[in-house]
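Please read these numbers as outputs of a predicted model, since none were measured by experiment.
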Amino acid sequence: MGDLTIRPHQGAGAEILGIDLAAMTDNELNAVKQAYADYGLVFFRDQNLTEQQHINLAQRFGSININRFFSANSQFPEIAMVTKEADQETNIGGGWHTDHSYDQEPAMGSILVARDLPQSGGDTWFVSMYNALDDLSPGLRATLRSLQAVHSAKHVFGSSSEYEDLTEGRVTNKAAADELVDPIHPVIIRHPLSGKEALYVNPGFTRHFLGWTIEESEPLMELLYQKAVAEARICKFQWQPGSIAFWDNRATWHFAQNDYQGQRREMHRITLDGCDLNAA
């Protein structure tokens, strides 16, 4: 490949061109790390990673967080299978969310590799939580800095899941979700890599503001969510064979589109350990 080039993507993130991730030099690695910190989301095209090379790539950025709720690759347990079979109606990740905000130390990021794509559809949409915060008024930002929020996995992955009928057997280990202690995170974080402020609530796993009821929290939460996903903010990433997305869970949301009924889609995801956001 040619010289490394970083090209901002419409809406959010950046595409990194001219790099072979299986043979990345230390200088290239440093450039990718900087772009990842700056944008919170980077894309690569025309890669040809094996499963082991996918693991090797992830380990150059941090330690791997083994997914507790999705089926694992039968030969490579570090890889979570994000699959929708042709006869299944619903998909995994079909709503705005960020991964692992339900953990005490939320995951740093996820590296998603396309393995089997539908003929059309199946894009993933992203929004930047840096950008979401920038357009809020100074007064609202000041209020949000004083707030914390409770996050949880129980309503999604636990035994009392609100989405039991939608997962179609693809979510396992409900007991692990039930046993999790719901974490409390700042509503606005100081990002541990970039040092920038980012909004840190999401529709998938944030339940309510600390000290507020769910009912009291809902109007402000909905306002934040609506502003975050304004059309001009959305990055609509079209998958192609050899495409890879690497997003920072502390700085983005994503939404897997479910517009390819009757076709199969298989993606391989590796998630990386993060840190305590209260200390960031």
Side-chain angles (χ1 to χ4, degrees), residues 1 4 6-7 9 12-25 28-29 31-33 35-36 39-86 88 91-94 97-100 107-126 170 235-249 251-258 260 263-274:
M1 294 189 177
L4 185 148
I6 299 171
R7 184 172 65 192
H9 201 286
E15 191 164 333
I16 300 181
L17 310 171
I19 189 170
D20 178 358
L21 291 175
M24 183 167 48
T25 67
E28 289 174 331
L29 174 64
V32 171
K33 285 183 175 180
Y36 179 75
Y39 291 95
L41 169 67
V42 290
F43 303 110
F44 307 91
R45 299 286 193 187
D46 303 320
Q47 304 296 315
N48 189 29
L49 297 184
T50 65
E51 284 85 351
Q52 186 58 59
Q53 287 171 332
H54 186 185
I55 293 168
N56 295 345
L57 172 66
Q59 289 173 333
R60 297 188 75 177
F61 290 91
S63 57
I64 293 175
N65 184 301
I66 304 296
N67 190 280
R68 292 156 287 175
F69 305 123
F70 296 165
S71 298
N73 184 289
S74 59
Q75 294 180 285
F76 301 92
E78 298 92 341
I79 297 173
M81 304 296 291
V82 183
T83 305
K84 182 189 176 192
E85 301 294 349
Q88 292 176 323
N91 66 339
I92 293 173
H97 67 288
T98 193
D99 300 330
H100 288 253
M108 180 185 91
S110 298
I111 303 175
L112 191 65
V113 175
R115 294 297 183 188
D116 186 11
L117 296 171
Q119 291 184 353
S120 62
D123 295 356
T124 302
W125 294 4
F126 296 88
R170 286 168 287 180
C235 163
K236 300 180 179 180
F237 185 65
Q238 184 176 24
W239 293 94
Q240 300 167 359
S243 295
I244 296 175
F246 182 16
W247 65 85
D248 189 317
N249 286 301
T252 60
W253 294 350
H254 57 282
F255 184 167
Q257 301 302 296
N258 188 25
Y260 52 97
Q263 301 181 73
R264 187 177 191 274
R265 181 178 183 269
E266 179 182 317
M267 315 293 278
H268 287 187
R269 193 184 85 183
I270 293 179
T271 299
L272 297 167
D273 283 327

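- With a 4.5 Å cut-off on side-chain heavy atoms, L29 and F61 count as touching.
- The backbone N or O of Q119 lies less than 3.5 Å from a partner atom in the side chain of Q263, making a donor-acceptor pair.
- A donor atom on one side chain and an acceptor atom on the other are not found under 3.5 Å apart for D123 and W125.
- Atom CG of L41 is separated from atom CZ of F237 by 8.5 Å, given to the nearest 0.5 angstrom.
- Put simply, the side chain of Y260 does not reach to within 4.5 Å of the side chain of L117, judged on heavy atoms.
- Scanning both residues, Q75 and N73, for their nearest heavy atoms gives N-OD1, 2.9 Å.
- Contact of the D20 side chain with the Q47 side chain is registered, since non-hydrogen atoms from C-beta on lie closer than 4.5 Å.
- By the 4.5 Å heavy-atom criterion applied to side chains, E28 and I16 are not counted as neighbours.
- Proximity of R269 to D99: side-chain heavy atoms (C-beta onward) are separated by under 4.5 Å at one or more points.
- Taken to the nearest 0.5 Å, the CD1 atom of I244 stands 5.0 Å off from the CG atom of L21.
- When every heavy atom of R45 is checked against every heavy atom of Q238, the shortest pair comes out as NH1-O, 2.7 Å.
- Residues F246 and L272 meet the side-chain proximity criterion, which asks for heavy atoms closer than 4.5 Å.
- Taking CZ from F43 and CZ from F126, the interatomic distance works out to 4.5 Å, rounded to the nearest 0.5 Å.
- With values rounded to the nearest 0.5 angstrom, E78 atom CD is found 9.5 Å from N56 atom CG.
- A pairwise comparison of heavy atoms in A12 and H9 identifies O-CB, 3.3 Å as the closest pair.
- In terms of heavy atoms, T83 sits closest to Q88 at O-OE1, 4.0 Å.
- For the pair R265/W239, a side-chain contact is recorded, criterion being any heavy-atom separation below 4.5 Å from C-beta on.
- Contact annotation: the side chain of N249 approaches that of H254 to within less than 4.5 Å [non-hydrogen atoms, C-beta and beyond].
- Across every non-hydrogen atom of A72 and M81, the tightest pair is C-CG, 3.7 Å.
- Salt-bridge annotation for D116 and R264: present, with a side-chain N of the basic residue lying under 4.0 Å from a carboxylate O of the acidic one.
- Taken from CE in M267 to CD1 in I92, the straight-line distance is 11.5 Å, to the nearest 0.5 Å.
- Across all their heavy atoms, T252 and G40 have their closest contact at CG2-O, 3.3 Å.
- Taking OG1 from T271 and CG from N65, the interatomic distance works out to 6.0 Å, rounded to the nearest 0.5 Å.
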